[in-house]
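Only one structure is covered here, and it is reproduced in the block below.
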Amino acid sequence: MNDTTDTTDTADAPDETDTADAPDATDTADTADETDETDGTDAIDTSADTETDHESSSPHVLSATDREDSNTPHHAFWADEVADAIEARDPDEPIVIKGGVSPSGVAHLGNFNEIMRGYFVAAVLRERGHEVRQVFTSDDKDPLRKLPRKLADSEGNIVGLGDVDAGALGRNLGKPYTDIPDPFGEADSYAAHFASLLQADADRLGVPVEMLSNTELYAEGAFDSVVERVLSDVETARTVLSAYQDKVDDSYIPFNPVCESCGKITETVTSIDLAANRVDYVCTDLTVGDRTIEGCDHEGTATFREGKLPWRFEWPGQWQVLGVDFEPFGKDHAEGSWPSGEDIARTVLDIDPPVPMTYEWFTLNGEALSSSAGNIVTVPEILELLEPEVLRYFFALNPRKARDLDLSRLDQLVDDFDRFERAYFGEVDDEDLTAFAERAYPFVVDEIDPDRIRLPYTFAAVLGMVEDPAFREQLARDEGHIPDDASQAAIDAALARVEKARTWAERMDNAYNYRLQAELPDVSFDDATAAALDSLASFVEAGHDGEAIQSEIYETAREHDLDVSELFEAGYRLFFDETQGPRLGEFLGELEREFVVDRLRREA
RNA sequence: GGGCUGGUAGCUCAGUUAGGGAGAGCGUCUGGCUUUUAACCAGACGGUCGGGGGUUCAACUCCCUCCCAGCCCGCCA
């Protein structure tokens with residue numbers, strides 16, 4: 001659900017005050033345009049127990065009393081805390097964990113919170129012996145409210161709106177996603193296209209999640225009883241919702257039929273016929289932010305399956321229909337949909353709302369993730385740069401903290417993961433980290449392998465400058481990263497990271513993006529250095545192995561009264577046009593001798 | 001304007017859920033390993049725990065207030 005927020009753009013409208021004086025912060029708020037996702041926080045907080053009046057009580061929340069009742073110990077892993085809260089409800093099996101989002105466009109990393117946060121909770125509950133069903137609703141009966149700037153083809157490749165028939169898409173504004181053709185002409189609908197992308201991403205991360213189409217749920221009649229319930233007592237529905245939304249007035253009817261004439265979602269129901277399970281409506285304009293999607297003025301009749309509940313009712317409706325026990329949601333829902341949803345669940349539907357958990361949002365390279373602005377990164381893109389377990393680790397971190405995924409510093413994230421992994425195996429002297437790793441690590445990796453080998457990410461990036469796998473392995477061995485008794489499988493797995501790091505170096509075009517220079521770089525050395533290089537060339541020409549060359553570099557430096565570092569730098573300059581690199585001697589020992597000799601003599 | 005959640009070392013973050021030593025990794029610097037070359041070891045530097053006030057023998061932790069960031073309080077999701 002959260003991502004659906006296409007909307008926030010509306011925010012910009014209001015602040016025309018910018019001219020003003022005060023650099024008051026508030027107007028920064030409009031920035032948000034669609035930030036969709038993020039990560040974050042769990043709602044668990046203790047404030048609730050004191051309040052009684054709805055609406056003012058903190059939304060988040062597991063009340064303190066719940067936790068006291070369950071005598072909950074403090075856990076190092078947030079998913080255990082959530083699992084405690086769920087168990088305290090004494091839920092029926094299977095326990096249902098839900099997430100959901102509108103298939104409004106490319107699913108980015110933030111949307112994945114809806115799946116990953118639930119995944120960890122599901123995993124913990126399964127470990128505790130429960131049967132768990134993790135579902136994900138594609139809220140695809142929602143109307144397309146505005147055109148995304150970027151789409152993704154069925155392979156997950158990002159493409160611009162210009163690469164598809166934007167005009168055709170534009171004509172579908174206001175229609176349910178499931179009634180809009182796939183811009184790529186492959187899937188059954190716009191909704192199906194993006195839902196399948198999300199499913200593919202879940203598969204890539206190894207998360208077993210059951211995808212459900214909201215449109216199908218309506219079509220099957222799953223929502224019938226909910227719609228009946230809501231419409232049978234519109235007065236109560238209005239009263240409850242009006243406490244959260246000022247706009248609700250006496251004419252408000254919480255049902256949005258799909259216009260049988262133009263196919264758009266309508267907002268104006270004129271009468272309800274409970275006996276026949278249908279409503280009369282007028283296809284009026286739909287306001288979306290500062291724009292209007294025009295209605296066709298058609299007056300028609302729709303059954304309870306030919307329309308949808310407004311989100312504020314639909315969400316609790318899903319809880320009831322699916323028997324949801326736990327649902328994570330973005331911070332945007334914490335103060336809006338959740339409080340009203342909780343109230344509607346209890347007051348209108350007479351059910352207990354699920355255990356909630358608010359997650360903070362992620363940012364990408366320091367900026368809000370935004371589908372509309374195009375500041376997004378998809379799961380497939382990230383998996384080109386690091387292993388799935390590292391990405392799962394990212395989602396295992398405290399949801400309450402906003403986190404930035406800085407692609408230029410992915411090495412830091414990978415290093416953190418490696419340390420987290422070592423902590424699991426008891427190799428890190430850090431109580432807190434170890435406690436966290438003991439609980440979370442098993443759910444982060446596919447397989448717990450004490451013999452796994454991890455090359456430091458930046459070192460892997462260094463290895464990426466050479467193509468030959470055997471050469472990479474040799475260099476890794478020389479640096480002591482591969483034990484002598486390592487299995488071939490472990491070695492292959494370790495070297496797989498080199499490809500990721502190489503791609504990262506190229507994409508970031510950073511200090512690791514260099515390769516053996518085919519041509520002699522533009523260099524100049526002082527006499528002593530030049531003489532040392534010539535001397536080294538002769539040594540190499542005489543035929544020595546890498547280890548000998550490495551030692552000789554030290555010897556040569558001394559003989560020519562040079563700092564060892566100066567000679568190394570000269571060597572790196574010659575071969576990589578850089579000031580640093582891999583262990584030079586061993587590296588040169590692996591190259592074609594003639595090439596090395598010529599290059600050391602600055603001849604080629 | 002009101003509310004919610006964050007604000008801990010240069011960077012990434014733990015620690016706050018019964019108040020009592022401010023921590024880790026990385027980075028930087030120094031020294032060592034008679035091969036320093038994206039390697040290892042030792043050590044150092046580095047923080048007014050966003051600011052201020054309060055409670056307390058004692059506050060990163062509790063209370064008040066202010067600042068910063070994001071979100072919600074219209075619609076929609």
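No experiment lies behind these values; they were computed from the predicted model shown. Throughout, a chain's letter reflects where its sequence line sits, starting with A, and its residues are numbered from 1. Any value given below was found using the heavy atoms of this structure, including those in side chains, with hydrogens, waters and symmetry copies removed.
- Between A:Gln245 and B:C73 there is no side-chain polar atom (N or O) within less than 4.0 angstrom of OP1 or OP2.
- Nucleotides of RNA chain B nearest to A:Pro310 and A:Pro582 differ in position, and the one nearer the 5' end is that of A:Pro582.
- Here, B:A18 and B:A59 have their C1' atoms 15 Å apart, quoted to the whole Å.
- Within the 4.5 Å cutoff, the side chain of A:Val540 has no heavy atoms near those of the A:Leu588 side chain.
- Using Watson-Crick or G-U wobble geometry with both donor-acceptor distances under 3.5 Å, B:G19 finds no partner in any strand shown.
- Nucleic acid contact for A:Val564: base, since at least one base atom lies under 4.0 Å from a heavy atom of the residue.
- Taking the side chain of A:Arg558 as heavy atoms from C-beta on, and the options B:U35, B:C76, B:A14, the nearest nucleotide is B:U35.
- The base of B:U35 is paired with the side chain of A:Arg583 by a donor and an acceptor separated by under 3.5 Å.
- Of the listed nucleotides (B:G25, B:A38, B:A14), B:G25 has the atom at the smallest distance from the side chain of A:Gln412.
- Pairing partner, B:C4: B:G70, with both Watson-Crick or wobble hydrogen-bond distances short of 3.5 Å.
- To the nearest whole angstrom, the two C1' atoms, one in B:G19 and one in B:C41, are 39 Å apart.
- For A:Arg477, no side-chain nitrogen or oxygen approaches OP1 or OP2 of B:A39 to under 4.0 Å.
- Rounded to a whole angstrom, the distance from the P atom of B:G43 to that of B:G21 is 23 Å.
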Exercise for the section: Begin from the C-alpha positions of A:Leu410 and A:Leu407 and carry the test side-chain contact (heavy atoms from CB on, under 4.5 Å) through to its verdict. Expected result: CA-CA 5 Å; A:Leu410 276 192; A:Leu407 296 181; 4.2 Å; yes
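- Counting only distance, with no hydrogens or angles, the side chain of A:Asp140 and the backbone of A:Thr178 share no donor-acceptor pair below 3.5 Å.
- Look at CG on A:Asp332: it is 16 Å from P on B:U5, rounded to the nearest Å.
- If you check B:A39, B:A38, B:G25 against the side chain of A:Arg419, the one that comes closest is B:G25.
- When heavy atoms are screened at a 4.0 angstrom cut-off, A:Arg409 is found touching the sugar-phosphate backbone but no base atom.
- Here B:U12 presents its C1' atom at 9 Å from CZ of A:Arg403, a figure rounded to the nearest Å.
- Straight-line distance between the P atoms of B:C60 and B:G52: roughly 12 Å, to the nearest whole Å.
- A:Leu567 has its CG atom 15 Å from the P atom of B:U35, to the nearest Å.
- Looking at heavy-atom distances under 4.0 Å, A:Tyr457 makes no contact with the nucleic acid at all.
- As a whole-Å value, the separation of A:Asp430 CG from B:U12 C1' is 14 Å.
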Problem - Worked check of ring-ring contact (aromatic ring centres under 6.0 Å, His included) between A:Trp319 and A:Trp338 - result: CA-CA 12 Å; A:Trp319 298 337; A:Trp338 172 254; 5.3 Å; yes
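- Pair check for B:A58 finds none; no Watson-Crick or G-U wobble contact set falls under 3.5 Å.
- For the pair A:Leu455 CG and B:A39 P, the computed distance is 12 Å after rounding to whole Å.
- As judged by a 4.0 angstrom heavy-atom cut-off over every strand, A:Gly480 is placed among residues making no nucleic acid contact.
- With a cut-off of 3.5 Å on both pairing distances, the Watson-Crick or G-U wobble partner of B:G10 is B:C26.
- The distance between atom CZ of A:Phe459 and atom C1' of B:A39, rounded to the nearest whole Å, is 9 Å.
- Among all heavy-atom pairs drawn from A:Pro176 and A:Val258, the shortest one is CG-CG2, 4.0 Å.
- The residue A:Arg422 sits apart from the nucleic acid: no heavy atom pair falls under 4.0 Å.
- Rounded to whole angstrom, the span from the NZ atom of A:Lys331 across to the C1' atom of B:G7 amounts to 12 Å.
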Handout entry: Derivation of the ring-ring contact (aromatic ring centres under 6.0 Å, His included) call for A:Phe436 and A:Phe420
Key = CA-CA 8 Å; A:Phe436 170 59; A:Phe420 161 75; 5.3 Å; yes
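- Mapping A:Leu433 and A:Asp563 onto RNA chain B via the closest heavy atom, the residue that lands nearer the 5' end is A:Leu433.
- Atom P of B:C64 sits at a distance of 23 Å from the matching atom of B:A69, rounded to the whole Å.
- Across all strands shown, A:Glu314 has no heavy atoms under 4.0 Å from either base or sugar-phosphate atoms.
- Look at the P atom in both B:U65 and B:G3: the space between them is 8 Å, to the nearest Å.
- Using atom P as the reference point in both B:U5 and B:A9, the two lie 22 Å apart (nearest Å).
- With hydrogens and angles ignored, no donor-acceptor pair closer than 3.5 Å exists between the side chain of A:Glu335 and the base of B:C73.
- Whole-Å rounding puts the A:Asn398 CG to B:U12 C1' distance at 14 Å.
- Within the 4.0 angstrom heavy-atom criterion, no nucleotide atom of any strand lies near A:Asp415.
- Side-chain polar atoms of A:Tyr244 and A:Asp343 form a donor-acceptor pair below 3.5 angstrom.
- The pairing partner recorded for B:U36 is none, the criterion being a Watson-Crick or G-U wobble arrangement whose two distances lie under 3.5 angstrom.
- No engagement by A:Phe436 is indicated, since no non-hydrogen atom pair under 4.0 Å with the nucleic acid exists.
- Among the nucleotides B:A38, B:C76, B:C13, the one closest to any side-chain atom of A:Tyr512 is B:A38.
- Residue-level contact check: A:Lys308 touches the backbone only, with heavy atoms under 4.0 Å from sugar-phosphate atoms and none from bases.
- The side chain of A:Arg145 sits closest to B:C76 out of B:A38, B:C76, B:C11.
- Closest contact between the side chain of A:Tyr514 and the listed nucleotides B:A39, B:A38, B:U12 involves B:A38.
- On the C1' atoms, B:A22 is 8 Å away from B:U8, given to the nearest whole Å.
- By the 30° and 60° cut-offs, the orientation of the rings of A:Phe425 relative to A:Tyr441 is perpendicular.
- Phosphate contact (OP1/OP2 of B:A14, side-chain N/O of A:Lys401, threshold under 4.0 Å): present.
- Note: A:Phe471 and A:Phe587 meet the aromatic proximity criterion, with ring centroids under 6.0 Å apart.
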